[in-house]
4 protein chains.
Amino acid sequence: MKEQPNQERLRRFPQQARSQKRFNQLLDAAAEVFAEVGYEAATTNAIAAHAKTSIGALYRFFPDKLAIFHALAARYLNQIGELFAAFQVSEAAKLPLSSYISQVLDAFDQFVTANPGYRVVFVQSRFVSPDILAMDANLNRQVAHQLEAFFALRNPEQDPQERELIAAVCVEVASVLEILSLTRDQNFQKQVLAETKNLLIGYLQPYFPD
Amino acid sequence: MKEQPNQERLRRFPQQARSQKRFNQLLDAAAEVFAEVGYEAATTNAIAAHAKTSIGALYRFFPDKLAIFHALAARYLNQIGELFAAFQVSEAAKLPLSSYISQVLDAFDQFVTANPGYRVVFVQSRFVSPDILAMDANLNRQVAHQLEAFFALRNPEQDPQERELIAAVCVEVASVLEILSLTRDQNFQKQVLAETKNLLIGYLQPYFPD
Amino acid sequence: MKEQPNQERLRRFPQQARSQKRFNQLLDAAAEVFAEVGYEAATTNAIAAHAKTSIGALYRFFPDKLAIFHALAARYLNQIGELFAAFQVSEAAKLPLSSYISQVLDAFDQFVTANPGYRVVFVQSRFVSPDILAMDANLNRQVAHQLEAFFALRNPEQDPQERELIAAVCVEVASVLEILSLTRDQNFQKQVLAETKNLLIGYLQPYFPD
Amino acid sequence: MKEQPNQERLRRFPQQARSQKRFNQLLDAAAEVFAEVGYEAATTNAIAAHAKTSIGALYRFFPDKLAIFHALAARYLNQIGELFAAFQVSEAAKLPLSSYISQVLDAFDQFVTANPGYRVVFVQSRFVSPDILAMDANLNRQVAHQLEAFFALRNPEQDPQERELIAAVCVEVASVLEILSLTRDQNFQKQVLAETKNLLIGYLQPYFPD
DNA sequence: TATGAATGAGACTTCATTCAT
DNA sequence: GATGAATGAAGTCTCATTCAT
């Protein structure tokens, strides 16, 4: 993992339906393989094999291994964006804070459970590889921006820097605990989720009194 | 990172003083290199070079690359153990919870700041590599055990399962936020540390009323 | 460049006018690409793209990459044949040797300048690839034959072996110097051309006294 | 062949006798393989195999394939430099021109005959690959410089530009004809060598009258 | 017949690990 | 015991060629 930043993020963006499908197959496969062995140990051949394609097909879409990671991160970001979109509109701001947090965390929990690859992207994009770290694709920071938008609705007067800080803290906390929750059985997952809500609601209440 | 689990954790535990020193040099070097490029991209040659030894010498101490990682994790665990030991004894339990948390987090902050390799070990040992994950060297869980001991002093009646859960949550949260704090400048580090205290004290207060 | 000798030189010789045109477009494209990056680095896709056709279309004309090269060499040979034809007829033999040489070299210079791909074909067909070398498409030897015909007119008594030798020498010398001349600016090109005439006229004069 | 110019020409220059030997083995192997299939088609594995070493050993000496080529060219240049050195001293300038040319060409003929790889280096470094062409390792120009030194002794008044031009022409001509001579049997080789002398002496006589 | 997506052999290169010195 | 040269498996990526549409 010491690649130079690659020229173009994607070799070509798939427009045909068939390409689209192949593209998503590859990303699904990448998610699986990354989730299984991590970014570095994942081989492009393994990803292609999981996607039931040839290695050549993979390289028609992605200029290199790193680009696969970015595309996956981007897809997750989109999906999380949609997830947030379902709340931020109109009445979200009128919900009690605790309900909002609870619902968002439930949705996030479902999302991460359904997308085990997210775990790897979360981790890798923040900690492991300086190359990745250096890139703009910092998933968490982007997710935090979405949260900030919500905070702004609840408390427009808040210092934007403080808002950013708090959002970042929440995202980090929610993410690690989500990941922690997946390390054991379903019961544990539920317990950790409950604690997460507990923790974050307690943390945010003083900043956003209803 | 798909090495077979290695037979023996260490080829030989250093007994001579000189060996001891060489061993620690190697671990220091590993910490540096891991911190710089991550586990996978770190080469055993680079580690040996940083330690100003030969690659052959490295392999006299460690059967393979993974063993270096484990030894480093073990050393960190020891160090954190000592860090906790300074508190858990005697009067720690008599401190107000907030003081205790604050002091422990300060100590932890100093430790992680001084040991950038910890970040990598934390991450890798939890998320990235199943081989590592599968091993008993789960650093965080061990740290959590230390915290549980403290909790047990404060509230002996607490359900042990709940205690374990809460300790795990605290350790995860403290770790990610610590790592988050290191991603920007010193001011940010201080702010995140403050938020971490804030967050955890609020979280624990209900469980351990003074 | 270790293809098996291909069964058939061309998959089909273009007979329709439209095919003819497509065929020549492909050869033009190949010349460009070869000239730019050399034979090995030239990709069939790049050639097709330069010719504004599909890769599939390219493979309808040529069984493999090597065949493109041969077809290009053949086309150059034809063109050079025509170039010679303009001289060899009738009165060419009555010109003073120096005029003849001068004119032929001028024509050759113009040809090579206008066809940068020739340079690559010249080189590759003689030195680089044994596969190519082994084939009958040795451009230079064929050009030499044309020159021999002229020599035979000037001096029918000359030993044919000597004639062949001298012709080969002339062609080699003219070719490298032509190529040398193209490595710098136009002034250099003119100077080298002058030296080439000088050199070859001096060389041939004793064999073909006027 | 579109590599970026590699950082360092050599990974390490061999100083130990054993390294020295291995280094030369590798260069010999490279010469063989290049001579056999050309630069592009030569594989680093084949070179290592010919040298009876592992691919890893090869990469201890050379950062990449291109570096092997350069090292080989450099070695040839050294050898040719020594070859010239035997003449340029003292009395070389007192020899009749024809004797000098004849002796140099004989020596060059022996050298090229004994080093078939030279043919490839000569060709590649001038014509085929733009990447190589672009590099300073233009063998022929360097050889030409050596010839210029001799010319300067014979005719110090000569315009340096003219001198350079003539030297370049001579080197090119000698090189191609030498290569031509190797395309058939020994008899042909002798004949071409004789013609080369003939040609060059005739060419140079007017510039350097005895 | 034309297209260009797909295939996969094979090239270059790295690096964990061994072992002769 | 120490050294570091040597090994070679394995990874990333390219590109000639095929073939479904």
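We name chains A, B, ... by the order of the sequence lines, and we start the count at 1 in each one. Computed over heavy atoms, backbone and side chain alike; hydrogens, waters and symmetry mates excluded.
- The side chain to side chain donor-acceptor pair (under 3.5 Å) analysis of residues 47-57 of chain B, with sequence neighbours excluded, yields the pairs B:Glu32-B:His50.
- The pair D:Asp28-D:Lys21 fails the salt-bridge criterion, with no side-chain N (NZ, NE, NH1 or NH2) lying under 4.0 Å from an Asp/Glu carboxylate O.
- For D:Tyr59 and F:dA10, the OH to P distance is 18 Å, given to the nearest whole Å.
- Closest contact between the side chain of A:Lys65 and the listed nucleotides E:dC12, F:dC13, F:dT17 involves F:dC13.
- Judged by distance alone, the side chain of A:Tyr39 and the main-chain N or O of A:Leu66 form a donor-acceptor pair under 3.5 Å.
- A search for side-chain hydrogen bond (donor to acceptor under 3.5 Å, both in side chains) contacts involving B:Asn45 returns nothing, not counting sequence neighbours.
- Distance NZ (A:Lys21) to C1' (E:dA6): 14 Å, rounded to an integer number of Å.
- The distance from atom CD of B:Glu40 to atom C1' of F:dT12 is 15 Å, rounded to the nearest whole Å.
- Within 4.0 Å (heavy atoms only), C:Ala42 reaches sugar-phosphate atoms of the nucleic acid but no base atom.
- With rounding to whole Å, C:Asp64 atom CG is found 9 Å from F:dT17 atom C1'.
- Rounded to whole Å, the distance from CZ on D:Phe62 to P on E:dT13 is 13 Å.
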Exercise for the section: With pairs defined as Watson-Crick or G-U wobble and both distances under 3.5 angstrom, please note down DNA chain E as a dot-bracket string, | for pairing with another strand. Expected result: .||||||||||||||||||||
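- We find that CG of C:Leu26 is positioned 13 Å from C1' of E:dA2, with the value rounded to whole Å.
- Note that CG of C:Leu58 is 10.0 Å distant from CG of C:Asp64, once rounded to the nearest 0.5 Å.
- In this structure, the CD1 atom of B:Ile47 is 17 Å from the P atom of F:dG4, given to the nearest Å.
- Mapping D:Asn45 and C:Thr44 onto DNA chain F by nearest heavy atom places D:Asn45 at the nucleotide closer to the 5' end.
- The interatomic distance linking C:Ile68 (CD1) with F:dC15 (C1') rounds to 13 Å, in whole Å.
- Taking CG from B:Leu27 and CZ from B:Arg75, the interatomic distance works out to 4.5 Å, rounded to the nearest 0.5 Å.
- With sequence neighbours left out, C:Arg22 forms a salt bridge (Lys or Arg N to Asp or Glu O under 4.0 Å) with no residue at all.
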Distances for protein N or O near nucleotides 7-9 of chain F N or O, under 3.5 Å:
{"from": "F:dT7", "atom 1": "OP2", "to": "D:Ser54", "atom 2": "N", "distance (Å)": "3.0"}
{"from": "F:dT7", "atom 1": "OP2", "to": "D:Ser54", "atom 2": "OG", "distance (Å)": "2.9"}
{"from": "F:dG8", "atom 1": "N7", "to": "D:Gly56", "atom 2": "N", "distance (Å)": "3.4"}

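- Partners of C:Ala74 according to the side-chain contact (heavy atoms from CB on, under 4.5 Å) rule, which considers only residues two or more places apart in sequence or in another chain, do not exist here.
- For an aromatic pair to be called close, the ring centres must be under 6.0 Å apart, and C:Phe23 with C:Phe62 satisfies this.
- Residue A:Ala46 is classed as having no contact, given no heavy-atom separation below 4.0 Å to the nucleic acid.
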